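A quick write-up on the structure given underneath.
Lettering of chains follows the sequences in order, A, B, ..., and the numbering in each one begins at 1. Quick caveat: nothing in here was measured; it's all calculated off a predicted structure.
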There are 4 protein chains.
Amino acid sequence: MVKNKRNQILEAASRSFSLFGYKGTTIDQVAKMADVGKGTVYTAFENKEDLFHAVLQRVIDELKAVFAEAIKEDQDGFENITSALDELHTFKEKHQLVAKLADEVRVLGSESANKALQQVEYAMIDLVKQLLIKAERNGKIHCPNPQATAFLLYKSYLSLVTEFEENYAPLEKEELIDIFKLHFMHGIAKDEA
Amino acid sequence: MVKNKRNQILEAASRSFSLFGYKGTTIDQVAKMADVGKGTVYTAFENKEDLFHAVLQRVIDELKAVFAEAIKEDQDGFENITSALDELHTFKEKHQLVAKLADEVRVLGSESANKALQQVEYAMIDLVKQLLIKAERNGKIHCPNPQATAFLLYKSYLSLVTEFEENYAPLEKEELIDIFKLHFMHGIAKDEA
Amino acid sequence: MVKNKRNQILEAASRSFSLFGYKGTTIDQVAKMADVGKGTVYTAFENKEDLFHAVLQRVIDELKAVFAEAIKEDQDGFENITSALDELHTFKEKHQLVAKLADEVRVLGSESANKALQQVEYAMIDLVKQLLIKAERNGKIHCPNPQATAFLLYKSYLSLVTEFEENYAPLEKEELIDIFKLHFMHGIAKDEA
Amino acid sequence: MVKNKRNQILEAASRSFSLFGYKGTTIDQVAKMADVGKGTVYTAFENKEDLFHAVLQRVIDELKAVFAEAIKEDQDGFENITSALDELHTFKEKHQLVAKLADEVRVLGSESANKALQQVEYAMIDLVKQLLIKAERNGKIHCPNPQATAFLLYKSYLSLVTEFEENYAPLEKEELIDIFKLHFMHGIAKDEA
DNA sequence: TATGAATGAGGCTTCATTCAT
DNA sequence: GATGAATGAAGCCTCATTCAT
């Protein structure tokens, strides 16, 4: 069962990278967590970086799929940020992993891993951008720099579901959506000068 | 001149940690960049972690000082986000370093370094929070969850001056301020339903 | 063959510790002498001290075994120092190693190694003491301070087979026994024949 | 005061070598204990080994002097082992240092240090040997192998005042003498009283 | 194909020694 | 002459990777 072992390893690596980061993950760890021999890791993957790459790719693919779904369903263009975030939120853990790996990659950054990771981010941010553009065309929002807005939305979401939860307070999904509505949709200024 | 060599090393370490991260930085590297012998690093610092800690502390202290200034000058309470960001922006590089180190620490996190870093973030986010609360009392803004808002403002700022610039486009200070005004002060919704 | 490599290393370490002492022995040395890679040493032993400990333990165990034999065979109680020394002498090299390691341990003494080493010495000296006490009860010898006598016998034996041989003259087994008979038997014998 | 500093260092090194051994003694340690700068050690001594050598030499010289005295006073030839040991015992600490250094030297043994140390031992053992020979000529003792006997006497003395005291029980001078009388005098005396 | 014992490059740290002040 | 900051060789240990079974 080639695929089976490979998946065990991928799963274990995913968990380990997420918990301990790239340098903090040893092949021994992964092998043990996957319940396979150390050598087996090297029959399934070229080397540590290749394994990292594969973990990344899997997350990327899953997230892309979610977004492909999301964009199909959203016909009105960002009208209901609520449901979009709702959808997004079902993959909170995946995003948390992405955030962790992004840290890693920024820090240790083998070029290739970096590229792979940026691919996800680009894809997701670009998707948000498309939604924003559509929404503006529909006259729903005012958004002169959709690139920056999309970037901010995505990054803010990540920050909230990773660090904020960790260091300040856990957030219910409703609170999370409220925060987004407040800040991005409406703004905090009381009387708009 | 004790302080001189120590500062050379601190400076070099700062650059190296910023570029390659904690694990990615070797003492040999630092020594070479500081143009001192490897052993010299160990006359100035107990060990690698101590050096890291010192780099962190220096940034922390500088940032704390900036913020102490900033809060004094802002008498109206967040009225002019413009000038606040302006002030903040003079320390862009320091923040970029903090962001990098924060990644490191989150990933490799020796407890002590982690504590030190959170201290800065707490301090800065708390400071923003105070400004927000004051502004709300003055009726300038509507802000039901100042903690979250402060967190978002700080993190968004960091994201923009680090990753956004790196991956998408460099931002002029004016653009940066515009982005903040647009998103946080006013919001992007055209007619608020 | 796990035990095989482990034994190669143990053997090599034994020789190296014996020749160059603890500090004077490098892991590289041991690895080279054992004809294994440096890393292999660390698959078999936790660290250098652990290796030292293991070497010590092996000698200890061997010597304990010899003594267990010796005491069984001596039914008359130290009557025939000749045969006792004879027996003992078959492990001359081991004792020489113990002496060397004892020097090391006294000098560099990690507590644990020290404990281990004293265990052997205590065991062996105590055994001699028991023999002395038995012999005295049987009226064979006069020995008011068996502790001191046992200590002296053991240490003298060690000195003779290590330093004396090294610095003055090699000793035939018969000479060694003669020396002991002369100095200690005649000294401690109650009725002088 | 050249001699003064040099003596401070010699004194400090003596203590440190005695306490921590050769490898266990750092030049920093010695400098601190001598209350001089580290560099000063190198103005007074060529290098660490030279310092060690000097410490050794000083002990050697002192002990030689004691023995020179001892042999003059003993006109009867080993008749009164009591008074000989008595004399010897006033230099117990020196002997303990010699024992410690001897361990060191055996372990780390630079040839030169080894030679130096053996010189003391040779000198002292030889002196004992002369006494033994004289005593035998006078018909006081029976001693077919004075070399070995002298060696044993000296080593036994050292063992008793170092290890035995440390590990078993402190010895009063009287006890020590009794032990020697018991083991060696009665053993080697021709006519057993 | 799966395994894990074996490997060695590379990193941190210590400390004897030098040299500018 | 005295000093101690600076140095780098050398030692211990980790871990990605290989290879014989």
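No side-chain heavy atom of B:F52 sits less than 4.5 Å from a side-chain heavy atom of B:T25. Counting heavy atoms from C-beta outward, C:L10 and C:L51 have side chains that approach closer than 4.5 Å. Under the 4.5 Å side-chain criterion, counting only non-hydrogen atoms from C-beta, A:L56 is not in contact with A:F17. Contact annotation: the side chain of D:Q29 approaches that of D:M33 to within less than 4.5 Å [non-hydrogen atoms, C-beta and beyond].
Separating the NZ atom of B:K38 from the P atom of F:dA10 is a distance of 12 Å, rounded to the nearest angstrom. Separating the CD atom of A:E49 from the P atom of F:dC15 is a distance of 18 Å, rounded to the nearest angstrom. Residue C:Y42 contributes atom OH, which lies 18 Å from atom P of E:dA5 at whole-angstrom precision. Atom CG in A:D28 sits about 12 Å away from atom C1' in F:dT17, given to the nearest Å. When the P atom of E:dA16 is taken as reference, atom CZ of D:F52 falls 14 Å away, rounded to whole Å. Atom CD1 in C:I9 sits roughly 8 Å away from atom P in E:dT7 (whole-Å rounding). Atom NZ in C:K32 sits about 10 Å away from atom P in F:dG11, given to the nearest Å. What separates CD of A:E46 from C1' of F:dA16 is a distance of 13 Å, to the nearest Å.
Residue whose closest nucleotide on DNA chain F sits further toward the 5' end, between C:T26 and B:V41: B:V41. Mapping B:T25 and B:G39 onto DNA chain E by nearest heavy atom places B:T25 at the nucleotide closer to the 5' end.
At F:dA16, one or more side-chain N or O atoms of A:K48 fall inside 4.0 Å of OP1 or OP2 (strictly under the cut-off). Listed pair C:T40 / E:dA5 fails the phosphate criterion, with no side-chain N or O lying under 4.0 Å from OP1 or OP2. For B:T43, a side-chain nitrogen or oxygen approaches OP1 or OP2 of F:dA6 to under 4.0 Å.
Pair assignment for F:dA16: E:dT7, on the basis of Watson-Crick or G-U wobble contacts that are both within less than 3.5 Å. F:dT21 is paired with E:dA2 under the Watson-Crick or G-U wobble criterion, all donor-acceptor distances under 3.5 Å.
A salt bridge does not link D:R6 with D:E11: none of the charged nitrogens is closer than 4.0 Å to a carboxylate oxygen.
Considering only side-chain atoms of D:K5, the nucleotide from F:dA2, E:dA16, E:dT14 that sits closest is F:dA2. Between E:dT13, F:dC12, F:dT7, one nucleotide has an atom nearer to the side chain of B:N47 than all others, and that is E:dT13.
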